[in-house]
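The first residue of the sequence shown is numbered 1, and numbering continues consecutively from there. Here the structure is a predicted model, which is why all the values come from computation and not from measurement.
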Amino acid sequence: MKTSFTWQSIVYIVLILLCLAPFISPPIALALGLAAALTIGPPFPKHRGKITRILLQASVVGLGFGMSFSQVLEAGRDGILFTIVTIFGTLALGYLLGKLLKVEFKTSHLISCGTAICGGSAIAAVAPVIEAEEDQISVSLGTVFILNSLALFIFPLLGAAFHLTQHQFGIWSAIAIHDTSSVVGAAAKYGEEALQIATTVKLARALWIAPVAMLTAWFFSEKSARFYIPPFILLFLVASVVRTYVPLPEAFYESVVFLAKKGLTVTLFLIGASLSLKTIRSVGVKPLIQGVILWVVISVVSLLAILTIL
């Protein structure tokens, strides 16, 4: 057993080092992780979740050193209207779909929150508020994860097919893709400006975790609700302020952003490697249908709005 684990760990370490190569893009890293997970099993079971979370947050903060504070404010302002409308529209539609499809109520709400705000982070924040069981959390996370993986490959192709500008794609991906990691990965594939806008709009969207958790607590009559705003969002803003007002050599900022992008690539590999056949089987048909319908509706509606307004 020990030898098997050591062999698996060595393979994954080699693959992680491979992800640092310039020819490995975020989508390729995700696909590589998926392939590895489904053939030799997920890596580092005790520490993978923590490593992935820390690496993702550090990478997002690093990207902040590539943006001026004025760019952050402008991108956040541009996406605020879409954010408010799509979050509460998605939650309402998710509630109706859950009723129609007869998806278990807490599972349905977690899928809706994950789709509306920021995927797994929103699910993790809302789950303790409604005292969700482990299987309910697993099903909702599995649903969001599967759709995130598809979005990373599909969205850049759709953006090119609809001739979206960098600005348009950045806002669209931030609204219609669940997790921050996949948003940043898809936007990085599309272009530098899209990456900057998508990162800022997505993090501004993530701030809605707290209000939605409060509404959830009220709806479920849980007065002792626990929720928080992820600290890395504030650190991202601090990084952009430093980039704007601290006159460090440009090479320093470029190096930090370069490392952040590489960190994101490795993060997506680890996320892909987290998928297992057990996770796929646990999702079930009805929750997946709910997740797909929500995802398609929010993607189409936000795309039409962006093409019309921007």
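Between Leu30 and Ser149 there is a side-chain heavy-atom pair separated by less than 4.5 Å. Looking only at side-chain heavy atoms (C-beta outward), Val212 and Thr216 come within less than 4.5 Å of each other. Using a 4.5 Å heavy-atom threshold, the side chains of Ile197 and Phe169 count as separate. Annotation: side chain of Ile111 is not in contact with side chain of Ile123 (no heavy-atom distance under 4.5 Å). Phe269 places a side-chain heavy atom less than 4.5 Å from the side chain of Leu15. Taking the side chain as every heavy atom from C-beta outward, His178 and Cys118 never approach each other to under 4.5 Å.
Judged by distance alone, the side chain of Gln136 and the main-chain N or O of Glu133 form a donor-acceptor pair under 3.5 Å. One N or O on the side chain of Gln196 and one on the backbone of Gly66 form a donor-acceptor pair closer than 3.5 Å. A donor-acceptor pair under 3.5 Å links the side-chain atoms of Lys106 to the main chain of Ile130, judged by distance alone. Here the side chain of Trp208 pairs no donor or acceptor atom with the backbone of Ile87 at under 3.5 angstrom. Between the side chain of Arg205 and the main chain of Ile84, no donor-acceptor pair closer than 3.5 Å is present. Judged purely by atom type and a 3.5 angstrom limit, Lys202 has no side-chain atom pairing as donor or acceptor with the backbone of Ser173. A donor-acceptor pair under 3.5 Å is formed between the side chain of Thr244 and the backbone N or O of Phe69. Using a distance-only test at 3.5 Å, with no hydrogens or angles considered, a donor-acceptor pair links the side chain of Lys262 to the main chain of Leu20. Between the side chain of Lys189 and the main chain of Pro156, no donor-acceptor pair closer than 3.5 Å is present.
The heavy-atom pair separating Ala132 from Leu110 by the smallest distance is CB-CD1, 3.9 Å. Residue Val144 comes nearest to Gly119 through the heavy atom pair CG1-CA, 3.8 Å, listed as atom of the first residue, atom of the second, then distance. Here the closest non-hydrogen pair linking Cys19 and Val266 is CB-CG2, 4.2 Å. Considering all non-hydrogen atoms of both residues, Ala187 and Ala198 come closest at CB-CB, 3.6 Å. Between Ser299 and Ser302, the shortest heavy-atom distance links the atoms O-OG, 3.1 Å. Across all their heavy atoms, Ala31 and Phe153 have their closest contact at CB-CZ, 3.7 Å.
In this structure Tyr253 satisfies the ring-ring contact (aromatic ring centres under 6.0 Å, His included) test with no other residue, sequence neighbours excluded. Qualifying ring-ring contact (aromatic ring centres under 6.0 Å, His included) partners for Phe105, counting only residues two or more places apart in sequence or in other chains: Phe220.
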>> Apply ring pair (Phe, Tyr, Trp, His ring centres under 6.0 Å) to residues Trp172 and Tyr190 and explain how you reach the verdict.
In response: CA-CA 12 Å; Trp172 184 47; Tyr190 205 75; 9.0 Å; no
> Going through the checks in order, is the side-chain contact (heavy atoms from CB on, under 4.5 Å) test met by Leu100 and Leu96?
Replying inline: CA-CA 6 Å; Leu100 180 64; Leu96 294 175; over 6 Å; no
> Does the side-chain contact (heavy atoms from CB on, under 4.5 Å) test come out yes or no for Phe155 and Val183, once each step is laid out?
Replying inline: CA-CA 9 Å; Phe155 269 65; Val183 169; over 6 Å; no
>> Ser112 vs Gln290, test: side-chain contact (heavy atoms from CB on, under 4.5 Å). Steps then yes/no.
In response: CA-CA 9 Å; Ser112 300; Gln290 180 187 11; 3.7 Å; yes
>> Evaluate Leu270 against Leu56 for side-chain contact (heavy atoms from CB on, under 4.5 Å), listing each step before the verdict.
In response: CA-CA 10 Å; Leu270 291 173; Leu56 170 62; over 6 Å; no
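From Leu91, atom CG reaches atom CD1 of Ile117 across 6.5 Å, with rounding to the nearest 0.5 Å. Here OG of Ser59 is found 11.5 Å from CD1 of Ile54. Values are rounded to the nearest 0.5 Å. In this structure, CG on Leu32 lies 6.5 Å from CD1 on Ile24, to the nearest 0.5 angstrom. For the atom pair NZ (Lys261) and OG1 (Thr267), the distance works out to 14.5 Å, reported to the nearest 0.5 Å. The line from CD of Gln168 to CD of Gln166 is 10.5 Å long, rounded to the nearest 0.5 Å. Going from atom OG of Ser240 over to atom CG of Leu63 covers 11.5 Å, rounded to the nearest 0.5 Å.
Residues Leu101 and Leu294 fall within the same hydrophobic cluster, defined by Ile, Leu, Val, Met, Phe, Trp and Tyr side chains chained together at heavy-atom separations under 4.5 Å. Under the 4.5 Å side-chain heavy-atom criterion for grouping Ile, Leu, Val, Met, Phe, Trp and Tyr, Val296 is connected to Leu307 within one hydrophobic cluster. Hydrophobic clustering places Leu18 together with Ile40 (ILVMFWY residues linked when any side-chain heavy atoms are closer than 4.5 Å, directly or through intermediates). No chain of hydrophobic side-chain contacts below 4.5 Å, direct or via other Ile, Leu, Val, Met, Phe, Trp or Tyr residues, connects Phe88 to Val301. Grouping the Ile, Leu, Val, Met, Phe, Trp and Tyr side chains by contacts below 4.5 angstrom, directly or via other members, places Ile306 with Val300.
Residue pairs meeting the salt bridge (charged side-chain N to carboxylate O under 4.0 Å, His left out) criterion with at least one partner in residues 237-259, sequence neighbours excluded, are Arg243-Glu250.
A side-chain hydrogen bond (donor to acceptor under 3.5 Å, both in side chains) with Asn148 holds for exactly one of Thr143, Thr180, Asp179; it is Asp179.
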